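Notes for the one structure printed next.
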Amino acid sequence: MSRKGFAVLALVVALLPLALTNNYTYEVAIVVGLNAIVCVGLNLLIGYAGQISLGHAGFFGLGAYGSAILAARYGWPPFAALASAVAGVSFIAWVIGKPVLRLKGHYLAMATLGLGIIVAVVLATEDQITGGPDGMAVPPLGVASFVLQGEKLWYWIVGAVLLATVWLALNIIDSPHGRAWRALHGSEVAAGAIGIDPARHKLTAFVLSAASAALAGALTAHYSGFITPAKASFLHSIELVTMVVFGGMASTFGAVVGAAILTTLPQLLTALKEYEMVTLGAVMMLTMIFMPQGLVPTLEKALAAARRKPE
Amino acid sequence: MLEVRGLESRYGRIPALKGIDLAVSAGELVALVGANGAGKSTLLRALSGVQPASGSIVFENHDISAAPAEQRVSLGIVQVPEGRQVFAPLTVEDNLRLGAYRRGRDRTGASLDRVYGMFPVLAERRRHAAGTLSGGQQQMLAIGRALMGQPRLLLLDEPSMGLAPRLVAEIFACVRALRAADTALLLVEQNARAALAIADRGYVLETGRIVLAGSGAELLADESVRSAYLGL
Amino acid sequence: MFFRTLLAMGTLALASLVQAQEPIRIGAFLSVTGPAAFLGDPEQKTLELYVEKINAAGGVLGRKLQLYSYDSAGDAEKARAYVKRLIEQDKVDVLVGGSTTGETMAAVPLVEAAQVPFISLAGAVVIIEPVKKWVFKTPHTDRMACEKIFDDMRARGATKVALISGAGGFDRSMRAECLKVASAHGVQIVADESYGAGDTDMTAQLTKIKNTPGVQAVLNCGFGQGPAIVTKNYRQLGIQAPFYQSHGVASKQYVKLSGDAAEGVRLPAAALLIAETLPASDKQKKVVVDYKREYESRFKSEVSTFGGHAYDGLMLAVDAIKRAGGTDRAKMRDALESTKGYMGTAGVVNMSAKDHMGLDLSAFRMLEVKKGDWALVQ
Amino acid sequence: MLLRAENLSKRFGGVAAVQAVELAVESGTVHSIIGPNGAGKTTLLNLLCGIYEPDAGKIVFGEEDVTGYPPHEFASAGIGRTFQNLQIFFNMSVLENVMAGGWLHEACGLAAALLRPPGLARAERRARTEAGELLTFVGLERWAGSPSDGLPYGALKRLEIARALAARPKLLLLDEPAAGLNPTETREIDQLIRRIAERGITVVLVEHNMKLVMEVSQRVLVLDHGRKLAEGEPAAVSQDPQVIEAYLGVEAC
Amino acid sequence: MSAELVQFLLAGITLGAIYALVALGFAIIYNASHVINFAQGEFVMIGGMAATAFVDSGLPLPLAAAAAVAAATLVGLALEKLAVEPARNASVVTLIIITIGASILLRGLASLVWDKKIHSLPAFTGDKPIAIGGATLLPQTLWVLGATVVAVAALWWFFNRTLTGKAILAVSHNHLAARLMGISVRRVLMVSFGLSAALGALAGILIAPISFTSWDIGVMLGLKGFAAAILGGLGSGPGAIAGGLALGLIEALGAGYLSSAYKDVFAFVIILGALVFLPNGLAGRRAAERV
């Protein structure tokens, strides 16, 4: 399933440009890709390890601003800035994950939400460094005089990073680590009984998901050349979780599909003008009420059932 | 009074009851015995309407197969659940009053007096939180709470569980007293000998099926029952 | 509303077919929802209203206007995507919008690269400083507001000033500008407090200001309900120093929300707020009174200076198109840059290669709340 | 002695669930714990695998004092268990459940897990084979590829045992493995326990089915109200009048 | 005690009272259903917006307030019936997304039914500040505190003195036993949603004269209410009140003595610290895990 799925995804990434008519459609595709990178990572935490985070936009923001500030204010080469930002955010996630992941359920939701808000407030308040709520300009990625610019080039960069992220995610899910996560999700007490240390494995899932958010954040900042604290806000965190749950928890392709649909949906709903919010809210509610497992797992099940019948 | 036909129930994909036929007549004490996991508690829960089940349940000429739990309580099917399940932070008296939730307020007072008369220790501790009671007192409270609902059929799930022998005797004495007062009883017990000894009739459950039925005395004498419980 | 727009767009499309003349495409991205909705909402309404009016009057250069408008909800990312959509897919001739500075700044690199004339409706001075070839703006800058206020304070003998500001982009940006220009205008900032989005009580911050020795005047940089709460708390605590608000609350709504507490509050704003009471000799009177009447009769709600920014933006574009004789982007841009003596709701606009806003301090009027209404400070 | 528990006590609120219990399990035996419902058997088992921390007393496994260890360290010391109310990982296939059980022996670095180098791929194939063998051992080979929520109850019980065995425990705690099973299935569990013991794995068995207990155990501990009531060989224990009374209950007068 | 401190405390208690009302709404719904209702803040918004709309349409204030509470209650009941009940068996995260979807929907509806402007309600009894120990407060603040006290007392009476109230407690403590007593869990759910919607609306009406109301005020208040409920220990009524007051005081004192820009950070740092050291909140009880 996962190998075939990966091939299909690679094919979609390779062939999509045929349907992309202009820079705007490229832009939407790139944003879908960047969101999908976060969601694939976040899905490791929520879908596989069974731990909620309502503050992942904080890591996204830290990655974006970390890389932006190192490159713009301290003159670091952008690639070095990006790598350091991702490493730095992973380290931060590791440090705060230790105490925070001892919490469960809604308490964990509150703690991660609080962390996200703290990051967002700091980013908006320290305007000497971050440019405040109006955001800051970010230098483009590049080495020496060679600069990565233009939607078409970025499409391939983001596509490649997305495929790499999905490939790594599929690998780890199908490894002892991935099984340990799923075991924790299935039954924490039984996982303990076979020697799985809950704290350690929750932490690895947390750090990996934070790293993917930071990477997507840094890429977003360098790609768009501009970043605002809105990307670190509570609402963005919610958006990310919604994409994962909507597409289907514990399904890597679900995370990608969720990101794709919920990123393009508002673009399609623009014609509805003031009815946009009502429609978005209603779509979210109805999907979750009638497909609590999320889109992809529900469709997979339906497909499997349909395939079984004719035999 | 109660007639059950082809009752089936499952937890997810795991079947717990596989076609139970059972009857209880008015004023009768019927014991249900069987090993852990045989489906005894599931059966009682299905009768109370808190566990989804298919099949037919007729109670005093009402078909209640699809009735919600609260309607069955109104009709007089009340259960004393396994493990007491008292509302720990609420007072003893609040627990009892909640037992009369489906009854008119006016009759609550009389029922309270009756329960306090039956279990004086509950009257003494009426203002205490139910969670502070000892195991035996909690069992009395659980029974008293069920009696507040003025049951026509009382379902008792493992009333002796975890109690000291002296208390077990007390609880059984009380069960016998209830039966005398024209209330039908369905008693689930692991303490098979004690249960069968006071029962009019009994059923033996094994993995979701009834494998034996008969009078209490017959079952008590049955070798297969003895071996199942003693490994003799 | 949606259906009306659809209908309008439909008839427009039909009309353009008949005319066989390409319509002039106006692109807009505004914060119609989100925290800056009170900016984007009147802006959106104003654009719809005037595009309709202009078309009813035969369009511009015989061509109809067609409005493409998206709700960027105060989100810079969204603004970016919509600007791309407007440029790449809708192929607009000119861009109006960016209700907030964040949205505007996210759009700047795109319009510079695509070379589309862009008139921003946001306030911060960074939009036009340094000058960007294709970027213009209509509202007064936050720096001008600071300057106007500080000058007024000094005229009243107050040189020690306390700042209190909100957490939004406008608030933070104006606060930064005020800190920068304070000493040049002879005032000293002795306290600097702030409050968060959605805060419901600012007495703690104001108590700190009250207890700061020597405060002679207080300025609140902010918009939305925050400043109205600050005003109420200010009176509640009985602070006597003169109180100033920014042009961010330049609407009747602020006075209504604050009630009696607003009496005596001063703020710099465009003449639009006092349209009817302007002396008949005032050259701006006709423009602002007309706009006010049009807007209020159509939408049954009170006019704000924000809608006025959109009006100015659209009219500046139309004016430039007329002078450029068409929608050639470079010519439009040059025409915009050479705008002289345009009379808008914000004041007289005189653009130049060095000044892509074209307003000076005289365009700002210092207003004071008197008996529940705005009055010009003489 | 493989496992020694000294003076173990555990209270919940006001209730003493386990009081001053002493237990010594000899290597290579099947040691059963019986007693009426609510006697504290499961609590004792939870103490022996670290899910509960005792209020008093200590637990020594082999030479190691494991008192106060978290559950996963009990597991890595060599104590495995199954659960009375099933704790299957329903989000995994049957085979993956067993493979997850092998975590202690397949743990790999995070980088390797992400990049899946040939070494890990080989280890995974090996783990897959071993898990398959364990499924065969418990008689579930034909279910290997199925999602675990499709299995019948009896099979799930055996799946828990296979998963616990995958951790290669020295001591296996079985919590009512026959509860809810029909006589045929119970006989199969009986066989399975014997075969586990033959592998040299020490078993502590909590069970209600007396027939099963009597057949497979070398020693039996009887608990009543959290206290040790009797201990000894099965035949002796089953004749103990105290045990009969506690277990069957007095015939209420 | 310095006048400054008195002023901070007054500000903190006022804020805290509102947070407490919102937090109580969270606690009541959580108790009955174990759902965290992220649309709780929208009840506050509906209360405020409906009250101003009714006042604008000419209704006297008390009547408008009552009608607004009734309107919010209806919305609460509809939310339970249409969104929460059909998803009873969904996972925690799914339910979170459903209630977040509901909050977006309600916000969107509010902006359509009313508008996107900021509205105010007249103060119940004037705007003349009252001086206390060198500090001042508005009469409306007394209304907030008074109404909160009355609401808390009424809730206490409801949960401790009425059979329906006790039935709700019974459901929250032991779902199964409550059903066996014939308590209809569905009815309890309806009552809880209605009750917490009414509480939220009450909060919205009380603060509308002080801090105004608009279609989007629910987000921030909902968030703070959730934080207060968690700080107090989920599902605990006294905890929710304590959590609300604590959060209000932390914010006011933080803004007054430390940094007003960082007062929210300060508040959340304290909440995080409290969670790490008291993982079940101020009044939380640790449920014994049965395996």
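Computed from a predicted model, the values in this text were never measured in an experiment.
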Note: vs chain E, highest number of non-hydrogen pairs under 4.5 angstrom among C:Ile229, C:Leu257, C:Val32 is C:Leu257
When the 4.5 angstrom heavy-atom criterion is applied to C:Ala37 and chain E, the contacting part is side chain
Okay, C:Ala197 and chain E: the region with an atom under 4.5 Å from a heavy atom over there is backbone
Which atoms of [X] are under 4.5 Å from chain C, going by heavy atoms: the side chain, the backbone, both sets, or neither?
X	result
E:Pro122	neither
E:Leu15	side chain
E:Ile217	side chain

Table up the donor-acceptor pairs between chain E and chain C that sit under 3.5 Å, atom names plus distance.
from	atom 1	to	atom 2	distance (Å)
E:Glu4	OE2	C:Asn211	ND2	3.1
E:Lys116	NZ	C:Val32	O	3.4
E:Lys117	NZ	C:Ser301	OG	3.4
E:Ile118	O	C:Gln253	NE2	2.6
E:Thr136	O	C:Gln236	NE2	3.0
E:Thr136	OG1	C:Gln236	O	2.8
E:Pro209	O	C:Lys232	NZ	2.8
E:Gly256	O	C:Lys208	NZ	3.4
E:Ser260	OG	C:Glu193	OE1	2.6
E:Ser260	OG	C:Ser194	N	2.8
E:Ser260	OG	C:Ser194	O	3.1
E:Ala261	N	C:Ser194	OG	3.2
E:Lys263	NZ	C:Asp199	OD1	3.1
E:Lys263	NZ	C:Asp199	OD2	2.5

Taking every heavy atom of C:Ala204 against every heavy atom of E:Ala255, the minimum-distance pair comes out as CB-CB, 4.2 Å
Taken to the nearest 0.5 Å, the spacing of E:Leu137 CG from C:Leu237 CG works out to 10.5 Å
